Amino acid sequence: MEFSVVGRRVPRLDALEQVKGQTRYLDDLPEFPGTLHAMVHTSRYASAEILNVDVSDAESMPGVAAVITAKDVPNNRVGLQVQDERVFAEKRTRYRGEPIAAVAAETEEIAQEAVDKIRVEYRELEPVFDPRAAMEPDSPLVHPEKPNLVLHGKLRRGDVDEGFGQSDRVVEDHFETQLVEHSHLETHGGMAHVDPDGKVTVWTSTQMPFILRILLQMTLGLPATKIRVIKPDVGGAFGGKNELSVEHHIAHLAVKTGRPVKMVWRREDEFQRSTLRHRMFLDYKTGAKMDGTLMAVQLRIVIDNGPITSWSMGPPVKAFLHFGPYRVPNVKVDNYLVSTNMPPQCSMRGFGSTTPTFGAEVHMEHVARTLGIDSVEFRLKNALKQGDVLACGQTLGSCGLSEAINQVAAAGWRAAQ
């Protein structure tokens, strides 16, 4: 059967305007008459008690239309899965760069000057940056009302102790990965407008307009029929434009002032306030026979959740399944998602599978070399095939892993010695 699209090279619909530089991104859209420009005052401390916020000097500046803090927001707590994100920090800060107040002014320059005039009195608290330390009973709490351990996921199959006992060799490895910023060329940005009938429209560089509407509905206290999200062309995202960034701040400012409000992050805002790829700590232990047969795999993953859960329930689930695409009769996986005072962490390409896959393949290479078996032969011997049952109970309806390994080997690949 031949298809007109599937399996064929089809030109992108937006290719011509992209190469001609005619694509209009958020910051290219025309502004409404009377548009205000917004800036945000953020926390200097990763963890601190907020004793007082003084916005009087900012409010009295010529050209400033509004200054808002947590007390001006109908619902300050938002979140898709767990409502642990604040539109503005109120009693304490949970990461350096957490928004405390927002200003709308006639120009960006006035808005920035007003933000600099906001005075916040802090009592600095002890932060926790390592998720392994954050799991300890005496660790400082990121959220005083709940423990740092957000989720402990378990996957079990067979008996790993028995599997290790039947193994001729047992190999262990530890890996740590770093935070990764998406670094898309277009920074986060948005414009908000309120109609005379109270309908809020937000134009924003986002991957998830409908999810964003749910979050805006949550904080604005408006029905979904009163909120519209419009997504122009997005200048790169890679998973980093799934959450609230500027949208809630400009929407609240537009509602308060009755005027259009625009905010576009600078590059330093991206690095300080946007979500990053999760940092992970991985411990692998694998037992195998001398002929290369895998007998047991034990994996412990500690995932840095940062201070906001957002979409972070996803990576632990995916990490369960990425101890390697290999047949293993005995499996024990423990995933720990732990809050810290590090920057917010959320989705990025691969979303929870990339890091464990990296660890698994480096570890399996170590296992193959310990056994003195060629890397390709070792992988082919243990590769999952159609009809195999995964540790989670799923039966594979199709699997081209062996074919892929053979093609890569035929192309001349062998692991560096």
Side-chain angles (χ1 to χ4, degrees), residues 42-51 70 76-86 88-100 120-155 172-181 243 272-285 298-320 332-348 352 355-356 359:
T42 61
S43 168
R44 299 191 323 234
Y45 299 106
S47 182
E49 183 182 354
I50 298 175
L51 303 178
N76 196 44
R77 297 173 69 101
V78 294
L80 187 62
Q81 297 172 314
V82 179
Q83 284 71 57
D84 59 1
E85 180 176 0
R86 271 66 164 178
F88 296 107
E90 39 187 338
K91 296 181 180 180
R92 66 186 291 167
T93 67
R94 283 104 26 91
Y95 64 97
R96 181 180 173 88
E98 185 170 13
I100 294 177
V120 181
E121 185 180 351
Y122 299 97
R123 183 174 70 86
E124 192 173 0
L125 303 173
E126 182 185 358
V128 58
F129 297 123
D130 189 323
R132 297 164 297 181
M135 295 170 64
E136 297 299 325
D138 59 348
S139 171
L141 294 177
V142 177
H143 302 274
E145 70 277 12
K146 62 181 182 179
N148 291 333
L149 181 61
V150 179
L151 174 70
H152 176 198
K154 302 177 182 179
L155 180 63
E172 299 186 54
D173 281 307
H174 173 77
F175 302 99
E176 300 180 13
T177 62
Q178 73 280 14
L179 297 173
V180 181
E181 159 63 30
E243 300 81 28
Q272 187 177 58
R273 293 161 55 195
S274 70
T275 57
L276 311 171
R277 169 172 278 164
H278 292 87
R279 184 173 57 150
M280 296 191 189
F281 301 81
L282 309 104
D283 290 286
Y284 290 87
K285 181 179 179 181
Q298 180 172 300
L299 172 59
R300 182 179 187 266
I301 307 177
V302 178
I303 304 174
D304 190 344
N305 185 51
I308 298 169
T309 302
S310 186
W311 292 78
S312 293
M313 294 294 190
V317 176
K318 291 194 174 184
F320 272 147
K332 180 181 180 181
V333 182
D334 285 280
N335 279 336
Y336 301 90
L337 181 66
V338 188
S339 292
T340 69
N341 294 113
M342 292 293 283
Q345 297 166 53
C346 195
S347 58
M348 191 175 185
T355 300

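What you see is a predicted model, and the numbers here were worked out from it, not measured in a lab. Values below: every heavy atom of this structure, side chains too, minus hydrogens, waters and symmetry copies.
The side-chain contact (heavy atoms from CB on, under 4.5 Å) search around Glu145 returns Arg77, Arg86, His143, not counting sequence neighbours. The side-chain contact (heavy atoms from CB on, under 4.5 Å) test applied to Ser310 returns Glu243, Ile308, Cys346, not counting sequence neighbours. In terms of the salt bridge (Lys or Arg N to Asp or Glu O under 4.0 Å) criterion, Arg277 has no residue partners (sequence neighbours excluded). For Leu179, the side-chain contact (heavy atoms from CB on, under 4.5 Å) partners at least two apart in sequence or on another chain are Leu276, Arg279, Met342, Pro343, Gln345. In terms of the side-chain contact (heavy atoms from CB on, under 4.5 Å) criterion, residue partners of Arg132 (sequence neighbours excluded) are, by chain and number, Asp130, His174, Glu176, Phe281, Val302.
Using bins of under 30°, 30° to 60° and over 60° for the plane-to-plane angle, the ring pair Tyr45/Tyr122 lands in the perpendicular bin.
In this structure, a donor-acceptor pair under 3.5 Å is absent between the side chains of Asn335 and His152.
Among the candidates Pro127, Ser47, Ser339, the single residue satisfying the side-chain contact (heavy atoms from CB on, under 4.5 Å) test with Val142 is Ser339.
Scanning all heavy atoms of the two residues, the minimum distance from Leu282 to Pro356 falls at CD2-CA, 3.7 Å. Taking every heavy atom of both residues into account, Pro147 and Leu141 meet most closely at CA-CD2, 4.1 Å. Nearest heavy-atom pair across Asn305 and Val150 is ND2-CG2, 3.7 Å.
Sorted by first and then second residue, the salt bridge (charged side-chain N to carboxylate O under 4.0 Å, His left out) pairs with a member in residues 339-348 form an empty list; sequence neighbours excluded.
With hydrogens and angles disregarded, no donor-acceptor distance shorter than 3.5 Å links the side chain of Arg92 to the backbone of Ile50.
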Worked verdict on Gln272 versus Thr42 for side chain to side chain contact (heavy atoms under 4.5 Å, CB included): CA-CA 10 Å; Gln272 187 177 58; Thr42 61; 3.7 Å; yes

